[in-house]
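Notes follow once the structure below has been shown.
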Number of protein chains: 2
Amino acid sequence: MSLDIQLPPRERLLQAAVELLANSDGAPVSTRKITELAGVTAPTLYHHFGDKEGLFDAVVAVGFEQYVASEMDLEPTGKPLDDVRRMWDQHVRFGIEKPHLYLVMFGKVRPGNRSNRVSEAEALLRGKLDRAAEAGHLNVPPADAVRSIMAANIGVTLMLISEPEKERNFELSDMTRDAVITAVSSEAGIADSATPVGASAVVVAAIALNAALESSNPQQLSNTEMKMFLEWLHRISKTT
Amino acid sequence: MSLDIQLPPRERLLQAAVELLANSDGAPVSTRKITELAGVTAPTLYHHFGDKEGLFDAVVAVGFEQYVASEMDLEPTGKPLDDVRRMWDQHVRFGIEKPHLYLVMFGKVRPGNRSNRVSEAEALLRGKLDRAAEAGHLNVPPADAVRSIMAANIGVTLMLISEPEKERNFELSDMTRDAVITAVSSEAGIADSATPVGASAVVVAAIALNAALESSNPQQLSNTEMKMFLEWLHRISKTT
DNA sequence: TAGCACCTATAGCATTGCTATATGAAGGGG
DNA sequence: CCCCTTCATATAGCAATGCTATAGGTGCTA
């Protein structure tokens with residue numbers, strides 16, 4: 001019942017913890033089971049990790065390295081918001097593939113006491129969103145965008161994990177992902193490659209904007225600016 | 001250190017459990033502390049609730065009754081999607097006000113094993129969304145809409161709970177709420193009564209145009225014109 | 001009063017996380 | 001070669017945990 005491969009005890013403990021954590025369905029894993037599987041006695045565990053929590057922190061750290069690596073593996077597409085979409089998908093995939101690890105990493109919420117894992121994951125997203133903001137693709141401050149996206153991403157992943165494997169509907173993820181990303185981006189949903197062709201969309205949107213402007217004049221533009229803007233808008237609307 | 005008010009032991013146990021759960025910051029609550037506070041011995045607890053989990057289930061059941069009651073308290077506005085928005089807000093409020101209870105109700109995720117509490121909460125939303133669908137306000141099947149909204153709602157609430165009280169930014173909630181609801185609704189946000197007055201119609205239209213322009217550049221404007229046009233468009237889109 | 005169902009208490013078991021203390025092994029300086 | 005230090009592991013056991021076998025009230029109905 002012990003791990004055959006002869007590794008240093010520290011590694012064996014980590015490996016045993018990972019294995020037991022993965023196999024015991026969310027039920028708490030005892031240090032005794034871990035040390036037994038690792039072929040080691042209790043004090044060894046506490047010598048290396050100080051604490052049960054320390055051991056699990058180490059496990060989580062390993063998992064998080066994998067997480068970061070998998071997020072970094074994605075080559076930038078040049079479009080920051082597309083990168084964000086792929087990071088979302090990667091996040092969900094990670095959660096589905098290693099649900100127990102994910103739950104320890106992102107599922108253990110404590111009031112007023114956010115895990116720094118979540119913060120680190122946010123930082124990864126933040127990088128992309130900053131670039132998106134620089135490129136004028138963002139509608140809201142990147143800090144706000146990151147939290148909204150992250151919250152939804154975690155919520156969706158938790159829900160998918162909680163569902164029986166057979167019932168999992170990943171459209172939930174795509175739908176929610178596009179919803180929140182669209183909401184923070186100035187690309188709006190129409191920009192989605194899934195939507196029709198170019199010219200007509202421009203015309204339709206231009207007409208709509210024209211109509212909207214007629215009913216309420218925003219103060220963001222001066223009178224002269226607005227006049228010119230409307231003129232251009234008119235020109236665009238007349239495109240074929 | 002025991003509860004003065006003389007209630008039946010069952011109620012005292014429940015009350016003690018609630019109190020300890022609320023005060024011990026996420027740390028596990030021992031049955032001994034509970035029975036001690038309730039002025040009762042261990043077997044009494046197990047007689048009434050069978051299990052520690054049974055006791056907490058009862059606590060959660062009580063909390064859930066409060067949750068449902070608070071959701072039911074909202075009078076229908078006649079616009080199902082507005083009702084959904086108010087239910088979202090109520091959900092978040094409940095989580096913020098009783099974080100520990102909320103975490104037990106919605107935060108304990110187990111792989112492939114969803115709590116029926118969550119399902120019940122979904123059912124409440126489902127009612128409104130079915131009505132929205134009947135009225136033709138939905139873009140996707142109500143079953144899909146419910147899951148997306150619920151996942152985001154829980155994700156946002158968990159994130160708000162995890163943040164230090166002082167840093168809580170409830171705009172996160174509003175933003176994400178409108179994002180997911182808009183995404184599933186065919187109202188396309190513009191007609192939405194919840195999105196304030198005229199100005200936002202301009203914003204939405206501007207965003208749409210911006211998006212359309214990105215995928216296809218019309219030749220009606222020169223490069224410099226287009227650059228300026230986009231700049232102004234951007235400014236308009238940033239209206240509140 | 002007797003019987004009966006219901007509720008509660010005494011005392012203790014097995015398991016949990018963790019530790020005070022001791023033992024072993026490896027290396028370096030005399 | 002021996003001693004000393006340092007690191008790593010083991011022996012044995014503690015306090016706290018969830019839970020229970022058993023027995024003792026307590027209030028009804030007959």
Side-chain angles (χ1 to χ4, degrees), chain A residues 1-62 100-101 103-104 107-108 110 113 115, chain B residues 1-62 100 103-104 108 110 113 115:
Chain A
M1 247 309 188
S2 70
L3 297 175
D4 321 58
I5 318 148
Q6 275 298 352
L7 291 171
R10 202 193 127 92
E11 309 306 319
R12 289 215 308 265
L13 280 166
L14 273 175
Q15 203 171 317
V18 168
E19 191 175 325
L20 289 176
L21 196 69
N23 293 358
S24 83
D25 259 345
V29 177
S30 73
T31 59
R32 280 181 160 78
K33 289 270 168 64
I34 295 175
T35 55
E36 183 185 342
L37 179 59
V40 158
T41 52
T44 306
L45 190 160
Y46 294 94
H47 174 71
H48 286 288
F49 300 99
D51 215 341
K52 183 186 185 179
E53 202 178 329
L55 171 59
F56 282 123
D57 278 355
V59 171
V60 166
V62 172
H100 302 95
L101 193 54
L103 287 178
V104 181
K108 279 192 177 174
R110 293 224 318 235
N113 186 356
S115 131
Chain B
M1 245 313 186
S2 71
L3 296 175
D4 321 59
I5 319 149
Q6 274 298 352
L7 291 170
R10 201 193 128 92
E11 310 304 319
R12 289 215 309 264
L13 279 168
L14 272 176
Q15 204 170 317
V18 168
E19 190 174 325
L20 289 176
L21 196 67
N23 292 358
S24 83
D25 259 347
V29 177
S30 73
T31 58
R32 280 182 161 78
K33 289 268 169 62
I34 295 174
T35 55
E36 183 186 342
L37 179 59
V40 158
T41 52
T44 306
L45 190 161
Y46 294 94
H47 175 73
H48 286 289
F49 301 99
D51 217 338
K52 183 186 186 179
E53 201 179 329
L55 171 59
F56 281 120
D57 277 356
V59 171
V60 166
V62 172
H100 302 95
L103 287 177
V104 181
K108 279 193 177 174
R110 295 226 314 240
N113 186 356
S115 131

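To find a chain, count down the sequence lines: A is the first, B the second, and so on, and within it residues start at 1. These values consider heavy atoms only, across backbone and side chains, with no hydrogens, waters or symmetry-generated copies.
If you take CZ of B:F56 and P of D:dC19, they are 10 Å apart, rounded to a whole angstrom. Taking atom CG of B:D51 as the reference point, atom P of D:dG18 lies 11 Å away to the nearest angstrom. Atom CG of B:L20 is separated from atom P of D:dA16 by 17 Å (rounded to the nearest Å). Look at CD1 on B:I34: it is 11 Å from P on D:dT17, rounded to the nearest Å. Remark: P of D:dA21 and OH of B:Y46 are 13 Å apart, rounded to the nearest angstrom. The distance between atom NE2 of B:H47 and atom P of D:dG24, rounded to the nearest whole Å, is 18 Å. As a whole-Å value, the separation of B:E36 CD from D:dT17 C1' is 14 Å.
Comparing B:T31 and A:T41 by the nucleotide of DNA chain D that holds the closest heavy atom to each, the one mapping nearer the 5' end is A:T41. Positionally, the nearest nucleotide of DNA chain C for B:R10 lies more toward the 5' end than for the other of B:A42 and B:R10. Each of B:G50 and A:R32 was assigned the nucleotide of DNA chain D with the nearest heavy atom; the assignment lying further toward the 5' end belongs to A:R32.
Two residues are said to be in side-chain contact when any heavy atoms from C-beta on lie closer than 4.5 Å; A:T44 and A:T35 fail this criterion. B:V59 places none of its side-chain heavy atoms less than 4.5 Å from the side chain of B:V104. Looking at heavy atoms from C-beta onward, A:V40 lies out of side-chain contact with A:L45 at the 4.5 angstrom threshold. Using a 4.5 Å heavy-atom cutoff, the side chains of A:L14 and A:E11 are in contact.
If you check every strand for non-hydrogen atoms under 4.0 Å, A:P9 touches sugar and phosphate atoms only. Across all strands, B:S30 comes closer than 4.0 Å only to sugar-phosphate atoms, never to a base (heavy-atom distances).
Heavy-atom minimum distance, B:T31 versus B:Y46: CG2-OH, 3.5 Å.
Heavy-atom contacts of chain A under 4.0 Å fall on DNA chain C between two terminal nucleotides, which in 5' to 3' order are C:dT16 to C:dA20.
More than 12 heavy-atom neighbours from other residues, nucleotides or ligands sit within 6.0 angstrom of NZ on B:K52.
Of the candidates D:dA10, D:dG18, D:dT9, D:dT9 carries the atom nearest the A:H48 side chain, counting heavy atoms from C-beta on.
Partners of B:H48 under the side-chain hydrogen bond (donor to acceptor under 3.5 Å, both in side chains) rule, at least two apart in sequence or in another chain, do not exist in this structure.
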